[in-house]
Amino acid sequence: MKQLKAEFLFLCTLVSCNGQYSALNPAGSSAKIIADMFWWLFGIAILIWILFVVLEFYTVLVRPGPHKLNRTRFLVIGGGALFPVIVISISIYFSLSPLPVLVKAAPEGSLTVKVSGAQWWWRVKYPLGKEQEVELANEIWLPVNEPVQFFLSSEDVIHSFWIPSLAGKIDMIPGRTTKLSFTPTKTGHYRGACAEYCGTSHALMHLDVKVVERKVFNEWLEKQKQPAARAATPRSQTGEKAFVTSGCISCHTVRGLSTMGQVGPDLTHIGSRHRIGAGILKNNTASLHRWIRETGIIKPEVKMPAFDMLPVDEQKAISEWMEGLK
Amino acid sequence: MEEVKDRIRQEEEKRLNKAWRVPSGWRYWSEVNNSEVGMWYTVTSLAFFFFAGVLALLIRVQLAVPDNNFLTAEQYNQIFTMHGTVMMFLFAIPIFEAISILLLPQMLGARDLPFPRLSAYGYWCFLLGGIFVCGSLFFGAAPKGGWFMYPPLTTSYQPGVGADIWLLGLTFIEIASIAASVELIVGILKCRPPGMRINLIPIYAWYILVVAIMILFAFPPLIAGDILLEMERAFNWPFFDASRGGDPLLWQHLFWIFGHPEVYIIFLPSIALLATIIPTFARVPLIGYSWVVLSAVGTGFLSFGLWVHHMFTTGLPGISLGIFSAASQAVAIPTGVQLFCFLATLLIGRSVKAVPMLFAIGGLATFVIGGLTGVMLAIAPFNFQAHDSFFIVGHLHYVLIGGSVFPILAGIYYYAPIIIGKKLSDKLGKICFWLVLIGFNVTFFPMHASGLLGMPRRIYTYSDDMGVSTLNLISSIGAFILGTGFLVLLWDLLRPKGKLSYSERNPWKAGTLEWSMKIPDRMWGIRSIPMIKSRYPLWEQPNFIHDVDNGHFYLPDAAEVMRETLVTSTLDAKPVQCLRVPGPTFITHLAALFSGGFFIFATYHWWVATTISGILAMATIIYWLWTGSAWIPEKEEKDVGLGVTLPIYQSGPHAVGWWAMFITMLADLTAFISLIFGYFFYWTIQQNFPPEDSVGPGIFWPVTGALLISLSWLLTKLAKKLNNQDKAILFYGILLLAVFCSLAGALAFLAGPLKYQMDPTHHVYEATVWILVIWTALHAALGALMQLYCMARRLGKKMTAKYDADITNVSLYESFIAITGLITAMVIAGFPAAS
Amino acid sequence: MTKKHPLWLLALSPLVWSLHFTASYTIAAIWCAKFPASDLKIVKLLIGGLTFISLVIVGQGIMSGLKKYSSGLAHSSQDTDTIQDRDRFLGLTGLLVSSLSFIAIIYNAYAVFVFGSCE
C-alpha cells in the first residue's frame, strides 16, 4: 500500500499533488480521514480491475474443453455473486463508520465562522459574542489544532463551500443553513473554490484560507475588528474621497468610513488579503486598478459595474488607498 | 405438386408485399412500420451524438490551457449545458429506443410493434424537439444551467428563454419515451412467437422489459419537476423560492429520482447488446441466463433507491446519507453478476475474432473502471471531496462511454448487415476501436486526478496556480484522438457502399431469431411467425430457416392484404389474437406538429397560437384514434395457419389497447404522486404547513369534487355494461350524466381555492394546492372528452355491444382519475383537518 | 400438475425491499426534520420492526423460489421449452431476486443503526 501510494505520489509531483487546492494534501482532520480512505479504495480498485481484465483475457484466449462447465459455475456464482457481496459488505462497514464523525458538530464553545455565498464571492463573519460580529470577505483564517464550526448559507443561488485540503464540501442553499466542522491540523495557506455551478462566473469564485498558530490568529482577528486605517499619503486621501463621491460606499462597507454598503464585500481590510476579486487576482495596486476599470471583463456578469468612466488618476488613487487598508 | 406449392407461396408473398409495402417518393415519410421508424430514430440519435461530440471538443479546446479565451463564459456555459443535455436526452435515451424499435420485433418474430403509429409520433416529436433545442445554440439562446438545471439559478437568475427551451425539449423526449415504454412492454409481453415462453425470450428482451418499466416510474417525477419549474418561471409560483416557503432541494429530489434510474435506463439496454453479441461470437448460449435476468431486474429496482447520492453534500442528516450510501454500494452486486456471466460464456466458448468483440471487450474493461469509481463515490465520506469536481466527470464518462457507447459501437458493427444490408469495414472498425479506446482513456483518466487536486466541474476556465494545467492539456489532446476515432466511424457509416455486395444471410452465424431474415430484408419482416422451442432457434431447431422461409409457420399470408401480427399470452406465448396494425399515415406528423406547436408557442408566451395549436393537436389525435384504433373486423376470427383460428378483436385486459392505457396511466399516476410528494416535502421541512397566514381550500369543495369524479367513474362502468346489453338510450343517458359529473367534479376542485381566494404566488402552500387541483381538474375534463368520444363512437357505429374497446379503456382511465381525485381531496382537505 | 405462476410475483421481493427502503428513509427524514435533537431510538425501533417483517416476507420468497427451482429432475435445467423448465426458471430467478432483496434490506437496516443522532 505504501509503495503504491509512493508511486502515485511520484506521478503526482509531475502534476503537483501538493497544490494548495489538493484533497490529497490533507491539512484538516476530515480531509485526512477521507484522503486515507481514498488511498485504500484506489489500491483495492486497481487490484480488482487488474483481476477483471486478466480474467477477460484468459476467458477470451483460452481454448474450451469439457471440464470448463464447473469452472463456469464457479465464475458465475463465485465471481458474480459471492465476491461482490463480500467486497460490498466490507466496504459498507468501513465506509459508514467514519460518517458520524464527519458530520458531527464541533464541541460547544468552538470557534464559529459564518460564510454566506453570493454571486460570486464569499461573505465571512466571525461572531464575537454579545451579538457582535466581524465581517470580511473572501478570506478565512483559522487557528491550528482547534475544532471550528462553520455555518453556511446563500444569499442568492446554490453555491458550495469547498476547501479540499481541509475538509469535504458542503452546499450553501438559500433558505437553509448547513454546517461543516473539522479541525485544521497543519499551518499553511490553502485555497478553495465554489463547487456548485452558480452562474456565469462560477469559475471565478475562489477562497483563501490561512491556518496559523492561535496567537497569530488572535492578532489577526483583533486587527480585523479595528476600523479602517486612515489614508496615509495625499494620493490615498484623494482615493478615499473618490471612493465616497463615486458611490462605492453604496455597496461596500469600510468601517470607519461608511457602513451602509451591504450588497458587496466588506473592504475594511482589503489591503491585507492575499487575493482580490474572490481569490482570482493577486493583491497589488495594479490588480486593484484593473479590477476597478475592467470589472465586467475580469468577471463576466458581475454585479459591480466597471468604473472606467472615472478619470484614470482617480482610479489609481482609489487603488492605492485600498492597498493601504491593511 | 411442387409447382402448386410454389404458386401458393408466390401468391402469399404478393399479398404480404402489398400489405407491407413502403410508399415511395415523398410518401415514404408517412411509413410507420418499425424498420423505417427505427432506422430514422437511429440516424437522428447518431446525428445528435455527433453534434454533442463537437460541443465536447469545443469544451476541451477552451480547457486545454489555463485562462483561455477561446470561448466566453456565456458561450462555454451554454455549450457545456447543451453537451450534457443533448447527450443524455437526445442521444442516450433515443438510441436505445431506436435500436429496440428496430430490432425487437425481429428478435420476437413479430412483423411490427403493436402500436406503430405511436412510435412514429414519438419519433416526430423527438425530431422536432431536438432540432428546436439544438437550434437555440445558434441564436445564443441555449439553456445554461447545466444539464440538471438547479433552481433558484434557473428560476430566478436566468431570465431569457434558455431554461424554457430546455424544459420544452424535455417535454418532447418525455412524450417519446413514455410512448416507447408502452410499445416495448406490450411488445415484449404480448407479441412473441408462439412457444417462446418467458424463460426463452431473448436476453435483450428481458433487459428492455425492465428498462421500459423503469421509464414508467422514472420519467414522471421529472415531468412533475418540470411542471413546477415552468410554473415558477412563467407565473412566479414559488416552488423553489425559499423566501416564500419553497425549497430548491425539492427539485433536486425530483430530478434525481428520475436522474439516477435514468443512467441505468441508458446502461442496461447497451449491456443487453453485449449479452446478445458475446454468445454469438463465443458460439455458445449465454451462461447463467437466470443470473443475468436477476442482474437486470435487481439493478432496475435498486436503482430507484440511490438518488440522494447526488445530494450527499446538501447537509441532509447523516442517517439519510448512510441509507443511500449503503444502497448505492449494494447496486454493484447485480451490476457485477452479469459481467461474470459474460466472462463465463467466453470461457466456455471459443471466441471468434471480430470487430464487435473488440468493442465488447474494451467496453467491459472501461466500464469496470467506471463501476469501481462509482463504488468509491457511493461512499459518502469520499463523495464529500469528489462531488462536483472533475472526478465525477471522469467517473460518469467511464460508465457512460464504457457501459453504453462501446456496446452501441459493437452493436452498430454487429447489426449493420441487418440494418443496411452490408457489413461495415473490418479495417476501419479496428482503427476506430483503437483510436476510441486510447483517446477515451487519455481524455478521461486524468480527470480523476484533476478533480482530487481541487478542480470543480462546470468551470469555463482555471488559473495555472491550481496545478491542473498539464492534466487538462492531456485530456484535451485525448479528446481529439477520441474525436478522430468517431470520425473514422462516421466515414465508415457514410461512405458510398453501392459497389459493395450485400452481406450473406446470418453472417455471424448467430443463433437468435433476428438473424433469420433474408438480407436485404423483405418489407414484411419475417416470412412466417415461427414456433419457438429454444433460446437459440437458429442453432437448436433443425430445419428452422427452411420452415420459416416456406411459410410453414403462422401468418404466412396476408389474406385480406392487411398488416397483421400475432398477440400471445404473457407467460407461455400461446397465440390469442391476430392483431391488425395500421399502415402509413401523415396523421402522426400533424399530431407531432400541433402538440409540438402547443409547447413551443407556450415557451414564448404566445398564448393565442398556443391555444389554437393545442386544439388542433387534440382534434388530430381524436381523428387518429377514430380512424386508426379499435377497428371492427369484417369477421370474428381468422385462420392464422397450422390449423389455429384466432379472434381479430379484443377488448378488456386481454387487449393491447387496454394494456397501453393501463401502462400510460401508471406513468400518469406516478407524476401525480410526485406532486403529492412535493406537498408532504414542504410539510416536512417547515414548522407550519400550511403557514399561519394562509387559508386552505376548505373541505366541502375538494370532497365534492372527489365524489363527483368517483361517481363519473361508476357511471362509466355502468355505461359499459349497458353498451354490452345494447340498451342504447340508457347508455347515452348514463354516459351523458358521467360527462356532467366529470366536468362538475373538475369545477368543484377548482372552486375550493377560488372561493378562498388562494393566491399561488403568495406562498408555496397555495401554489401546491393549486397545482394539485389543476392537475385533477384537467384530468377530469379530459375524461369528459373521452366519455363524449365513446358516445360518438357508438353513434358512428365504430363501437358496438360486442366491440367495446373504447368504453372499456375509458372506464379504466376513469378509475385512475377517481383515485387521483380521492387522493387530492384527502391531501388538501383531509390532511390539514387531521393534523 | 401446473399451477399458475404469474410473472409479477417476481417483483414481490424487490417491492418489499422498496417499501422497506422508502419507509426507513421517510421515517428518518421526517423524524429528523421535526425532532432534530432526537437520539433516534424510536426510529431504530420502528425500522427494526419493519426490517423483521420484510425479511420474513422476502425469506418466504427465497424458500418458495428454492422449492420451485429444485422441483423435478436433478439436472435442473431451465433452458428447454417444457413447463417444468419454465417453472424452474421462475423459481431460480425468484430465488436470486429475493436473495438480493434480502441482502439489500439488511444493508439498509445496518445503515440506520450506525447513527445515534440527527446530525
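All values below were derived from every heavy atom in this structure, side-chain atoms included, with hydrogens, water molecules and symmetry-related copies excluded. A note on names: the letters A, B, ... follow the listed sequences, proteins ahead of strands, and every chain is numbered from 1. Because the structure is predicted, anything quoted here is derived from the model rather than measured.
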query = Would a line drawn from the ring center of C:F89 to the ring center of B:Y289 be shorter than 6.0 Å?
reply = yes
Atom group of C:V112 that falls short of 4.5 Å from chain B, counting heavy atoms = both
ask   = In terms of heavy-atom pairs under 4.5 Å, which option from C:T82, C:T26, C:L10, C:T22 contacts chain B the most?
value = C:T82
query = Where does B:L189 contact chain C at under 4.5 Å (heavy atoms): side chain, backbone, both or neither?
reply = side chain
task = Under 4.5 Å, counting heavy-atom pairs only, tell me which of B:G195, B:S290, B:P317, B:G305 racks up the most with chain C.
result = B:S290
ask   = Can you name the nearest heavy-atom pair linking B:V308 to B:H253, along with the distance?
value = CG2-CE1, 4.1 Å
message = For the NZ atom on C:K34, are there more than 12 heavy atoms of other groups (residues, nucleotides or ligands in this structure) within a distance under 6.0 Å?
response = yes
query = Given that the side chain runs from C-beta out, which part of B:L294 has a heavy atom under 4.5 Å from chain C: side chain, backbone, both or neither?
reply = both
task = Could you tell me whether C:I42 atom CD1 has more than 12 heavy atoms of other residues or ligands within 6.0 Å of it?
result = no
Top of B:L302, B:V331, B:L321 for chain C proximity - count of heavy-atom pairs under 4.5 angstrom = B:L302
Interface residue of largest heavy-atom contact number with chain C, from B:V293, B:V297, B:I685, B:I198, under 4.5 Å = B:I198
ask   = When the aromatic ring centroids of B:W658 and B:F662 are compared, is their separation below 6.0 Å?
value = yes
ask   = Side chain, backbone, both or neither: which part of B:F301 has an atom under 4.5 Å from a heavy atom of chain C?
value = both
task = Apply the ring-ring contact (aromatic ring centres under 6.0 Å, His included) test between B:F689 and each candidate in B:F680, B:Y679, B:F681; give the one that qualifies.
result = B:Y679
query = Where on C:T80 is there a heavy atom nearer than 4.5 Å to chain B: the side chain, the backbone, both, or neither?
reply = backbone
ask   = Measuring heavy-atom distances to chain B, does C:F21 have an atom under 4.5 Å in its side chain, in its backbone, in both, or in neither?
value = side chain
ask   = Can we call the ring centroids of B:W683 and B:F831 under 6.0 Å apart?
value = yes
message = Tell me if the centroids of the rings in B:F324 and C:Y25 come within less than 6.0 Å of each other.
response = yes
Atom CD of C:Q60: over 12 foreign heavy atoms under 6.0 Å = no
request  = Identify which of C:S101, C:A104, C:A11 forms the greatest number of heavy-atom pairs closer than 4.5 Å to chain B.
outcome  = C:A11
query = Tell me, side chain or backbone of B:I333 under 4.5 Å from chain C's heavy atoms, or both, or neither?
reply = side chain
request  = Go through the atoms of B:Q686 and report whether side chain, backbone, both or neither lie under 4.5 Å from a heavy atom of chain C.
outcome  = backbone
task = Kindly determine whether C:D87 and C:Q84 satisfy side-chain contact (heavy atoms from CB on, under 4.5 Å), including the steps that lead there.
result = CA-CA 5 Å; C:D87 288 349; C:Q84 290 83 357; 5.8 Å; no
task = Let me know if B:T684 has heavy atoms under 4.5 Å from chain C in its side chain, its backbone, both or neither.
result = both
request  = Could you look at C:L100 and say if it's the side chain, the backbone, both or neither that has a heavy atom under 4.5 Å from chain B?
outcome  = side chain
